[in-house]
Amino acid sequence: MAHTRIRKFNTKDTYPEQKLDNDLCQVVVAGDTVYLRGQIAQDLETRESLHIGDAGKQADKAMSNIALLLEEAGSELSHIVKVVVYLTDIRYREPVYRAMGKWLKGVFPVSTGLVVQALARPEWVVEIDATAVIPEGYKPKNKKGRK
């Protein structure tokens, strides 16, 4: 099965203080399935962490990243089939799920929620991982699509 890797990067650029050297990417499209890297409140271009201290706004930015990456992969939010939400504190559940719910209204994906001790950076309090499909015959609404 052919696959496409979108927005490749190396961890030494993303996490220079951690002395890592892993080749990764934000998205892998394998056949008609789109696998997204867990998204956080980070600017995809500058890698700047955003909305420090606000779990709801962090979730909103993560969902914005997911929407953009799905578009680049030739899919869209309505084609999400599964989300996994990682929280660093159970008290963030309500604002995070409220923000996420605005983006996924009417989508009905399966969902798993986990509370974890920490994420890759201390300022990140929520990470959202999504898997989507590209339905047969689907034509993206814009020209970005798969590269």
Side-chain angles (χ1 to χ4, degrees), residues 1-11 13-15 20 22-52 54-147:
M1 174 185 319
H3 58 278
T4 304
R5 298 175 193 281
I6 300 170
R7 289 191 183 239
K8 297 175 185 176
F9 67 95
N10 187 286
T11 52
D13 299 322
T14 306
Y15 306 99
L20 300 172
N22 299 338
D23 292 326
L24 301 173
C25 65
Q26 294 288 347
V27 183
V28 173
V29 180
D32 65 354
T33 305
V34 182
Y35 301 93
L36 296 179
R37 178 176 194 248
Q39 293 300 306
I40 37 71
Q42 186 177 51
D43 183 294
L44 290 171
E45 304 304 326
T46 67
R47 298 184 182 89
E48 176 188 2
S49 293
L50 305 170
H51 311 300
I52 296 168
D54 189 323
K57 286 184 179 177
Q58 285 193 20
D60 192 57
K61 178 58 181 167
M63 291 304 300
S64 173
N65 286 351
I66 288 169
L68 175 65
L69 293 169
L70 285 173
E71 181 180 300
E72 290 178 7
S75 190
E76 64 181 48
L77 288 170
S78 69
H79 300 149
I80 290 177
V81 296
K82 181 176 183 177
V83 293
V84 179
V85 181
Y86 301 88
L87 304 173
T88 60
D89 190 316
I90 192 63
R91 293 172 291 188
Y92 298 143
R93 187 175 191 278
E94 194 171 326
V96 165
Y97 277 74
R98 223 182 289 121
M100 192 174 67
K102 291 177 200 170
W103 291 86
L104 297 177
K105 192 75 175 159
V107 177
F108 302 99
V110 297
S111 175
T112 299
L114 302 165
V115 177
V116 298
Q117 186 172 353
L119 297 172
R121 290 193 184 272
E123 66 269 24
W124 299 340
V125 299
V126 60
E127 183 168 335
I128 303 171
D129 177 12
T131 305
V133 296
I134 303 171
E136 189 174 332
Y138 173 72
K139 301 285 186 228
K141 294 176 181 125
N142 60 51
K143 304 288 185 206
K144 284 188 180 178
R146 271 192 248 190
K147 298 186 171 136

Minimum heavy-atom distance [X]-[Y], with the two atoms named:
X      : Y      : value
Gln58  : Leu50  : CG-O, 3.8 Å
Ile134 : Val29  : CD1-CG1, 3.9 Å
Ala73  : Val34  : CB-CG1, 3.8 Å
Val126 : Ala59  : CG1-N, 3.7 Å
Thr88  : Ala118 : CG2-CA, 4.0 Å
Tyr97  : Gly113 : OH-CA, 3.4 Å

Measure the spacing between [atom1] of [X] and [atom2] of [Y] and express it to the nearest 0.5 Å.
X      : Y      : atom1 : atom2 : result
Leu114 : Ile90  : CG    : CD1   : 10.0 Å
Leu87  : Glu94  : CG    : CD    : 12.0 Å
Leu24  : Asp13  : CG    : CG    : 11.0 Å
Tyr86  : Leu119 : OH    : CG    : 9.5 Å
Ile66  : Met100 : CD1   : CE    : 8.5 Å

Query raised in the report: Can any side-chain N or O of Gln39 pair as donor or acceptor with the backbone N or O of Arg37 at less than 3.5 Å?
Result: yes
**Report entry** Stepwise side chain to side chain contact (heavy atoms under 4.5 Å, CB included) check, Glu136 with Asp32
**Finding:** CA-CA 8 Å; Glu136 189 174 332; Asp32 65 354; over 6 Å; no
Would you say the side chain of [Y] lies within less than 4.5 Å of the side chain of [X], judging by non-hydrogen atoms?
X     : Y      : value
Ile80 : Leu70  : yes
Met63 : Ile128 : yes
Lys82 : Pro109 : no

Report task. Could you list the residues that satisfy side chain to side chain contact (heavy atoms under 4.5 Å, CB included) with Thr33, not counting sequence neighbours? Result ->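 Partners of Thr33 under the side chain to side chain contact (heavy atoms under 4.5 Å, CB included) test: Tyr35, Thr131.
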**Report entry** Partner residues of Val133 under the side chain to side chain contact (heavy atoms under 4.5 Å, CB included) criterion, sequence neighbours left out
**Finding:** His79, Val81, Pro135
**Report entry** Partners passing salt bridge (Lys or Arg N to Asp or Glu O under 4.0 Å) against Arg91 (at least two apart in sequence or in another chain)
**Finding:**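 Asp89.
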**Report entry** With sequence neighbours excluded, residues passing side-chain hydrogen bond (donor to acceptor under 3.5 Å, both in side chains) with Asp60
**Finding:**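 For Asp60 the side-chain hydrogen bond (donor to acceptor under 3.5 Å, both in side chains) partners, ignoring immediate neighbours, are Trp103.
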**Report entry** Set of side-chain hydrogen bond (donor to acceptor under 3.5 Å, both in side chains) partners for Asp23, sequence neighbours left out
**Finding:**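 Checked Asp23 against side-chain hydrogen bond (donor to acceptor under 3.5 Å, both in side chains); matches are Asn10.
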Sequence neighbours excluded and cut-off under 3.5 Å, please list the side-chain donor-acceptor pairs for residues 41-49, or say none.
unit_1, atom_1, unit_2, atom_2, d
Gln42, NE2, Arg47, O, 2.9
Asp43, OD1, Glu45, N, 2.7
Asp43, OD1, Thr46, N, 2.8
Asp43, OD1, Thr46, OG1, 3.4
Glu45, OE2, Arg7, NH1, 2.9
Glu45, OE2, Arg7, NH2, 3.1
Thr46, OG1, Glu48, N, 3.2
Arg47, NE, Thr14, OG1, 3.4
Ser49, OG, Glu123, OE2, 2.8
Ser49, OG, Trp124, NE1, 3.0

Query - Arg121, CZ: over 12 other non-hydrogen atoms inside 6.0 angstrom - result: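 Buried by this count: over 12 neighbours within 6.0 Å.
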